[in-house]
Amino acid sequence: MKTLNDVVVERLCKFMGERNLTQYRLAQLSGVPFPTVKSIMQKRTKGIALKTIVLFAYGLGMTPSEFLDDSSFLADNLDLE
């Protein structure tokens, strides 16, 4: 089972790839500091705040609900321990 962080990173990779964005550019667009983006992408961050997910979504040009609209985020598919 995947963690919430794993799923967020997968979604970020998907949308960044579609938009041809680097981690640095995502940081610029979202307002999330680059070291934070890098830490999240390297899965070194223990927990990702909802505020950060909201900022990422808007930086990617979508709403938070669009970012989270994936069955990967369903509780049955996540390791929430």
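The chain is numbered in sequence order, starting from 1. In this text the structure is predicted, and so the values were computed from the model without any measurement.
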Should L26 and F15 be marked as a side chain to side chain contact (heavy atoms under 4.5 Å, CB included) after you check the CA-CA gap, both sets of side-chain angles, and the distance that decides it?
CA-CA 10 Å; L26 177 63; F15 294 124; over 6 Å; no
Nonpolar side-chain network containing F34, other nodes, edges under 4.5 Å
Y24
Do K43 and N5 have side chains that get closer than 4.5 Å, going by heavy atoms?
no
For residues 45-62, run the donor-acceptor check on the side chains, cut-off 3.5 Å, and write out each pair with its distance to 0.1 Å, sequence neighbours left out.
{"residue": "T45", "atom": "OG1", "partner": "S39", "partner atom": "OG", "Å": "2.8"}
{"residue": "T45", "atom": "OG1", "partner": "I40", "partner atom": "N", "Å": "3.4"}

Using the side chain to side chain donor-acceptor pair (under 3.5 Å) criterion, which residues pair with T36? Sequence neighbours excluded.
none
Give the C-alpha distance, both sets of side-chain angles, the deciding distance and a yes or no for side chain to side chain contact (heavy atoms under 4.5 Å, CB included) between M16 and Q23.
CA-CA 8 Å; M16 288 169 61; Q23 291 178 18; 3.9 Å; yes
Let me confirm one number: the CE-CG distance from M41 to L12, rounded to the nearest 0.5 Å.
5.5 Å
Would you give the length of the straight line joining atom CG of L21 to atom SG of C13, rounded to the nearest 0.5 angstrom?
11.5 Å
Which residues pass the salt bridge (Lys or Arg N to Asp or Glu O under 4.0 Å) test with D69, not counting sequence neighbours?
none
Sort and list the pairs that fulfil side-chain hydrogen bond (donor to acceptor under 3.5 Å, both in side chains) and have at least one residue in residues 8-19, not counting sequence neighbours.
K2-E10, R11-D70, K14-E18
What pair of heavy atoms forms the shortest contact from P33 to A27, and how long is it?
C-CB, 4.3 Å
Tabulate below the donor-acceptor pairs under 3.5 Å that side-chain atoms of residues 73-81 make, not counting sequence neighbours, or state none.
{"residue": "N77", "atom": "ND2", "partner": "S71", "partner atom": "O", "Å": "2.5"}
{"residue": "D79", "atom": "OD1", "partner": "E81", "partner atom": "N", "Å": "3.2"}

